[in-house]
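Taking it in order: structure first as structure tokens, then the write-up.
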Amino acid sequence: MNILNAGLQPDRPKIFRRDESRTFQASFSLAKNETGEISFSWTVSDLSFQPPNTSETGELFVQNTRELNVGRRFLQVGMKLVVFELRIAGKSMAFRDFAFLRVEESALVATIAGGTAVQRSIRKPIVLDGTPSYDPEDVKASGALNFTWSCFQAQESASDFSISDGNISQKFTGLLNHVLNKTLSSSNKPDILSKVTNLTGKSLFELPSSLFKDYTEHGQVILNTTQLIINNTYYVLLTVRKDERIAHYMQTLHIRDEDMLDIEIR
């Protein structure tokens, strides 16, 4: 009997975030001559190591299913001990298998009002609003998020990399590393690079930070339009941080030399 799809050792637990869901399965086989009625159950309990201890009451208890479905935000953050127990009627002995989980905080959600691509008139103040970003773990929004803004412009005459084969120029790679202050883990870097590459397909250079001016609310900035070119396209990268967590959002910004209506879907 064993639990599938889970960490079998406490130093190699199955890791997932609270904003994710997971399904674990148990496998067992009985002797051909076994005729007793069987029952089985799952228990998930908090686990600590100094000293080793499990909570007396489980966070999750499920009976008579080979699958354990852990829904989003169902378990609290921390190490968990998972126990699958099988009993046979008439026998005092129970059969058990153990697995280990580590539940981490939900990922931050970064977003810029307006979506992934917007058109803005250079004749009006251009406000970038990152306040829809949030921390799913902070229901009351009591902890402030840290916002970092960066803006890139495409070099129309350059073709440093190709979308078709996924190659990325060394110049652009170094630039993005600088923008993110080397805080991205190796697992996050390819995702960000891929998003920007798919958006542009061109070599980019970063505009000076003086392009952004603080606006009325934390998480909002206003663009200095004197540094923008009419009928050009820019790529704004919002980086949101809190504690050790980090999230990103890219918005394509098309600058137009005509008055435009402000339209919003609520």
Side-chain angles (χ1 to χ4, degrees), residues 1-110 133-143 184-192 194 240-248:
M1 181 177 70
N2 64 303
I3 299 174
L4 309 176
N5 310 319
L8 301 182
Q9 299 295 330
D11 59 340
R12 294 190 299 275
K14 183 72 173 183
I15 301 173
F16 65 97
R17 302 192 311 263
R18 285 202 344 118
D19 57 331
E20 299 176 320
S21 59
R22 285 291 186 274
T23 298
F24 302 98
Q25 296 177 322
S27 173
F28 59 86
S29 59
L30 300 175
K32 293 182 179 180
N33 60 351
E34 182 60 64
T35 58
E37 181 180 354
I38 65 171
S39 62
F40 35 89
S41 63
W42 296 86
T43 304
V44 181
S45 304
D46 286 328
L47 177 65
S48 60
F49 293 102
Q50 296 179 350
N53 182 48
T54 58
S55 61
E56 295 182 0
T57 58
E59 281 192 67
L60 183 61
F61 181 77
V62 182
Q63 289 183 303
N64 298 324
T65 175
R66 292 195 185 193
E67 289 189 345
L68 174 65
N69 296 305
V70 180
R72 296 174 64 251
R73 304 192 62 176
F74 198 93
L75 297 177
Q76 298 301 312
V77 172
M79 283 289 295
K80 311 294 175 183
L81 175 66
V82 181
V83 180
F84 179 77
E85 179 180 281
L86 183 146
R87 290 183 176 273
I88 301 175
K91 296 184 179 180
S92 59
M93 180 170 32
F95 303 88
R96 298 185 181 93
D97 191 29
F98 303 89
F100 301 89
L101 310 179
R102 188 170 80 222
V103 182
E104 299 181 343
E105 289 182 303
S106 303
L108 298 176
V109 177
S133 305
Y134 64 96
D135 176 9
E137 297 292 339
D138 189 2
V139 178
K140 297 182 180 179
S142 57
L184 287 175
S185 67
S186 59
S187 62
N188 287 334
K189 286 181 180 178
D191 293 338
I192 299 302
S194 175
V240 178
R241 296 183 179 89
K242 185 178 182 182
D243 304 324
E244 300 299 321
R245 291 172 293 161
I246 185 170
H248 309 276

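The chain is numbered in sequence order, starting from 1.
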- Query: Which pairs count as ring-ring contact (aromatic ring centres under 6.0 Å, His included) when at least one residue sits in residues 67-105, sequence neighbours excluded?
  - Reply: F40-F84, W42-F84
- Note on the structure: Value for CZ (R22) from CG (L75), rounded to nearest 0.5 Å, stands at 12.0 Å
- Message: As an exercise, state the distance from CG of L4 to CD of E67, rounded to the nearest 0.5 Å.
- Response: 10.0 Å
- Please report the shortest heavy-atom distance between V103 and Q76, naming the atom on each side. CB-O, 3.5 Å
- Item | A110 to S133 - nearest heavy-atom pair and separation | CA-OG, 3.4 Å
- Query: Any idea which heavy atoms bring R18 and S106 closest together, and the distance?
  - Reply: CB-OG, 3.5 Å
- Where T23 and N69 come nearest, the two heavy atoms and their spacing: OG1-OD1, 2.8 Å
- Item | Neighbour count above 12 (heavy atom, 6.0 Å) for F16 CZ | yes
- Query: Rounded to the nearest 0.5 Å, how far does CZ of R102 lie from CG of L47?
  - Reply: 12.0 Å
- Item | Nearest heavy atoms of I38 and L30, plus distance in Å | CG2-CD1, 3.7 Å
- Message: Just verifying a value: how many Å separate K14 NZ and L101 CG, rounded to the nearest 0.5 Å?
- Response: 9.5 Å
- OG of S39 to CG of L86, rounded to nearest 0.5 Å, is 7.0 Å
- Task: Report yes if some heavy atom in the side chain of E137 is under 4.5 Å from a heavy atom in the side chain of R245; otherwise report no.
- Result: yes
- Task: Flag the pair R17 and E104 as a salt bridge only when some basic side-chain nitrogen lies within less than 4.0 angstrom of an acidic carboxylate oxygen.
- Result: no
- Write down the atom of D97, the atom of N2, and the distance for their closest heavy-atom approach. OD2-CA, 2.9 Å
- Task: Working to the nearest 0.5 Å, report the span between CG of N5 and CG of L68.
- Result: 11.0 Å
- Query: Judged by atom type as modelled, is there a donor-acceptor pair below 3.5 Å linking the side chain of R73 to the main-chain atoms of P136?
  - Reply: yes
- Task: Find out whether K242 and D138 are in side-chain contact, i.e. whether some heavy atom of one side chain is under 4.5 Å from a heavy atom of the other.
- Result: yes
- Do NZ/NE/NH1/NH2 and the carboxylate oxygens of D46 and K80 come within less than 4.0 Å? yes
- Any side-chain heavy atom of R96 sitting closer than 4.5 Å to one from R87? yes
